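Report on the structure given below.
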Amino acid sequence: MTITDEDCLPETLAFNEKFEAAAASRPAREQAPSAAELALLRRNRLGADTPPVRLEHGQDRVVAGGVNVRTFVPDRVDGVHLHIHGGSWAFGSADGQDERLWRLAVEARLAVVSVDYRLAPEHPFPAGPDDCEAAARWLVEHAAAEFGTERLLIGGDSAGAHLAVLTLLRLRDRHGITGAFRAAHLLFGAYDLSMTPSVRLFGPRPLLINTDGLRGAYEMFTPGMGAEQRRDPEVSPLFADLAGMPPARIVVGTEDPLLDDSLFLARRWESAGAPVRLDVIAGAMHGFTLFPLAITEREERRERDFLATA
C-alpha cells in the first residue's frame, strides 16, 4: 500500500470541509431517493448541479445483446478500454464523463467503450452486471475488427469498479475467458455489499456518500437480499475466488467509507497471484475525481499511465 499526495493534504481537507458544510445545509431527504430526485441525479453530472458536457467525439451505439455503449476513438489506437461508470447502480450514465474519457482516449491512445448499463431501482441486480458482461463479450469477439487491436483493458469508478470485477469473474466462470483483459483499473469501488467495517463505522458525514447512503444503495441494487445473501460472490466480489484475474491498480481515499473494500480486495487479489498496485490518496473523499483538485489531476495522469503501459 502506498499513501500518496500528502503534500496536497491542506487543499484536499479544506475541500472536504467545504463540501461537507454545503451538503449539511441542504434539506435532508429520505434514504431512498424519490422518482423526481432520481431523475435530477440522472440528468446532472455526479457531484454537481448541472448536466454533463456531451462531446461530439463520443458516439452512441448498440452492441450485441441490445446493450447501449458510448465510444471514443482517437486517431491512434493501441488498445481498448471498457469503462463502467459509477452512480450507486442507480444513476450516472455513459455520457456523464465525456471530457475525462476523451482525454484518456487521446493521451493513453485507447479506444474507450463506456457501458450505459440498466439502472436500479427499475432494473435491479442482475440487470447491470448482465449488460456489462454482454459488452465485455462483444469486445472480446469484435475488438480486432472494430478497433484494430485485441489489447483490452477494463475499469470503473465506485459502482463501476464493482461491476468491472464482476464482469471479469463472469467471463471466467461463465465463458472460460481469462487473459482477454490485460489489466483492471478500479477506482474507489464497493466490493462487499454486506458492508465492510469502514462503511459501518463511517457514520453520517455527508462526503458524497456515507453509511446510510451506501446501505440505501445496496438495498436499491439488491432488493430483498439480506447481508448473508449479499455475500454471495456473484454479488460481492470480495468473497469470490480471484484466481486468473489480470494485474490491477486499486485506488481509494483515506476519507472514503469504502476504504476497507479496496484494502481487503487488494490483499485478496494479490493472494490469488495477480500483481496489484494499491494507491491510497491522503485525505481524499469518495468520488474525489469529480472535482477540480490537485489530486484529481494527478490521479488522471496515473490512470492514463497505468492503462497506457499495461
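Heavy-atom basis, side chains included; hydrogens, waters and symmetry copies ignored. Everything quoted here is computed from the prediction, not taken from an experiment.
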Can T4 and D279 be counted as having a side-chain donor-acceptor contact under 3.5 angstrom? no
Would you check if the distance from the ring center of [X] to the ring center of [Y] is below 6.0 Å?
X: F188; Y: H286; result: yes
X: F19; Y: F291; result: yes
X: Y191; Y: F239; result: no
X: H142; Y: F147; result: no

What's in the same ILVMFWY side-chain cluster as V62, cut-off under 4.5 Å, chained through other members? none
Is it true that [X] and [Y] make a salt bridge, defined as a side-chain N closer than 4.0 Å to a carboxylate O?
X: R100; Y: E303; result: yes
X: R298; Y: D7; result: yes
X: R205; Y: E255; result: yes
X: R54; Y: D60; result: yes
X: R268; Y: D241; result: no
X: R61; Y: E146; result: yes

Path from [X] to [Y] over hydrophobic side-chain contacts below 4.5 Å:
X: V276; Y: I3; value: yes
X: M225; Y: L119; value: yes
X: L9; Y: V252; value: no
X: L104; Y: W102; value: yes

Which heavy atom of [X] sits nearest to which heavy atom of [Y], and what is that distance?
X: A272; Y: A243; answer: CB-N, 3.9 Å
X: V106; Y: P74; answer: CA-CB, 4.1 Å
X: A190; Y: W89; answer: CB-CH2, 4.0 Å

Intermediate values then yes/no, salt bridge (charged side-chain N to carboxylate O under 4.0 Å, His left out), R249 and E299: CA-CA 12 Å; R249 179 169 181 259; E299 175 50 38; 2.7 Å; yes
Applying side-chain hydrogen bond (donor to acceptor under 3.5 Å, both in side chains), run through S236 and R230 and close with a yes or a no. CA-CA 6 Å; S236 292; R230 293 191 179 104; over 6 Å; no
Option from H57, R103, R70 for which side-chain hydrogen bond (donor to acceptor under 3.5 Å, both in side chains) with D98 holds: R70
For G86, does its backbone N or O pair with a side-chain atom of D157 as donor and acceptor, under 3.5 Å? yes
